[in-house]
Amino acid sequence: LVASNPDFSDCIPGRDAITITVNSQPVLEAGVNTIICPGQSVELSGKLISGKAEKYIWKTAGTGTFSDTKNLNTTYFPSEADIQAGGCAVKLIAKPFGVCMSDSDALSISIVQPVNVTVPELIDYTGNGPIKIKVTADNSVENVHWESTGTGSFNKSNTLENAYTPSDKDLLMKIINISISLTRVD
């Protein structure tokens with residue numbers, strides 16, 4: 001930076017230097033939407049994609065708590081109100097250096113109640129025909145999948161009522177385990 005006055009050409013111009021630092025605006029990513037069960041916490045890993053930030057802050061639309069609201073990596077602990085509401089949103093905000101605009105990104109945390117399933121505890125098999133199995137669930141379900149430790153076959157799939165026909169090998173084993181997996185529909 002040079003300051004001079006043309007009317008006083010005999011004077012030595014004044015000189016000084018200034019440093020101008022240009023910080024680019026921060027751009028960040030909070031992470032991906034997450035589904036958890038009641039009682040679980042969420043590990044959050046925010047990322048600064050570009051630019052620079054002076055500080056970070058996590059906020060929630062719910063009433064849960066963070067292990068550290070000022071760190072990119074933190075844990076969110078949903079409250080009972082969050083659980084009853086079925087989840088909440090959390091937002092990561094990057095505060096920039098100087099006059100740059102801040103950036104934020106949010107993700108949703110869905111809290112899904114588990115399906116309560118009632119299954120027969122023990123079934124005595126007399127060796128005649130298929131074994132009829134009936135399972136009940138407290139909610140609508142989908143993606144029903146049956147498995148066994150045996151080599152027999154199921155008559156149906158994707159239903160809560162099924163029949164298992166034991167193989168000759170199953171009959172020799174004396175005990176087989178049958179399991180069911182399913183997804184809750186809300």
Side-chain angles (χ1 to χ4, degrees), residues 1-3 15-121 134-147 157-162 177-186:
L1 182 63
V2 177
R15 296 181 184 271
D16 199 357
I18 77 168
T19 302
I20 299 174
T21 303
V22 179
N23 292 313
S24 56
Q25 179 176 342
V27 176
L28 53 80
E29 185 177 283
V32 296
N33 296 340
T34 303
I35 299 172
I36 62 170
C37 292
Q40 292 181 313
S41 59
V42 180
E43 296 296 322
L44 299 170
S45 298
K47 293 180 186 164
L48 183 63
I49 304 299
S50 64
K52 292 183 179 181
E54 184 176 14
K55 61 182 175 178
Y56 306 98
I57 187 160
W58 285 96
K59 293 189 175 194
T60 179
T63 58
T65 58
F66 295 94
S67 60
D68 183 351
T69 59
K70 296 177 181 173
N71 194 320
L72 281 174
N73 301 312
T74 189
T75 303
Y76 183 72
F77 301 95
S79 67
E80 189 59 37
D82 292 345
I83 294 168
Q84 295 304 316
C88 65
V90 294
K91 182 192 289 189
L92 176 60
I93 302 166
K95 301 283 185 178
F97 290 96
V99 296
C100 293
M101 304 242 335
S102 62
D103 187 41
S104 65
D105 189 34
L107 63 93
S108 66
I109 299 170
S110 298
I111 304 171
V112 179
Q113 298 292 333
V115 178
N116 292 315
V117 177
T118 305
V119 297
E121 193 170 310
K134 183 176 182 179
V135 174
T136 58
D138 66 348
N139 291 87
S140 297
V141 295
E142 64 184 1
N143 301 321
V144 177
H145 180 73
W146 292 89
E147 291 182 353
S157 63
N158 209 23
T159 179
L160 293 176
E161 292 187 38
N162 209 337
N177 292 312
I178 295 175
S179 62
I180 184 172
S181 62
L182 42 89
T183 306
R184 177 185 177 135
V185 177
D186 285 321

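All values below come from the heavy atoms of this structure, side chains included, with hydrogens, waters and symmetry mates left out.
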Nearest 0.5 Å please: distance from the [atom1] atom of [X] over to the [atom2] atom of [Y].
X: Asp68; Y: Lys70; atom1: CG; atom2: NZ; result: 8.5 Å
X: Asn177; Y: Glu147; atom1: CG; atom2: CD; result: 11.5 Å
X: His145; Y: Leu182; atom1: NE2; atom2: CG; result: 11.5 Å

query = Between Leu160 and Val117, does a side-chain contact (heavy atoms from CB on, under 4.5 Å) hold up when you go through it step by step?
reply = CA-CA 10 Å; Leu160 293 176; Val117 177; over 6 Å; no
TODO: Step by step, work out the side-chain contact (heavy atoms from CB on, under 4.5 Å) result for Ile93 and Ile57.
DONE: CA-CA 5 Å; Ile93 302 166; Ile57 187 160; 3.7 Å; yes
- Show your reasoning for whether side-chain contact (heavy atoms from CB on, under 4.5 Å) applies to Thr69 and Thr74. CA-CA 7 Å; Thr69 59; Thr74 189; over 6 Å; no
Closest approach of [X] to [Y] (non-hydrogen atoms, all atoms of both residues):
X: Tyr76; Y: Gly64; answer: OH-N, 2.9 Å
X: Asn158; Y: Asn143; answer: OD1-N, 3.3 Å
X: Leu92; Y: Glu29; answer: CD2-O, 4.1 Å
X: Val135; Y: Trp146; answer: CG2-CH2, 3.6 Å

Donor-acceptor pair, side chain of [X] and main chain of [Y], under 3.5 angstrom:
X: Ser79; Y: Asp82; value: yes
X: Thr136; Y: Lys134; value: no
X: Asp138; Y: Asn116; value: yes

Flag the pair Gln113 / Ile83 as yes when at least one side-chain heavy-atom distance between them is below 4.5 Å, and no otherwise.
yes
Please list, one pair per line, the donor and acceptor atoms closer than 3.5 Å that link side chains of residues 36-54 to other protein atoms, with sequence neighbours excluded.
from, atom 1, to, atom 2, distance (Å)
Gln40, OE1, Cys37, N, 2.7
Glu43, OE1, Thr75, OG1, 3.1
Glu43, OE2, Thr75, OG1, 3.1

Without placing hydrogens or testing angles, list every side-chain donor-acceptor pair under 3.5 Å for residues 101-110, not counting sequence neighbours.
from, atom 1, to, atom 2, distance (Å)
Asp103, OD2, Leu28, N, 2.8
Asp105, OD2, Ala30, N, 2.8
Ser108, OG, Asn33, OD1, 3.4

The complete set of ring pair (Phe, Tyr, Trp, His ring centres under 6.0 Å) pairs with one or both residues in residues 82-110, sequence neighbours excluded, reads none
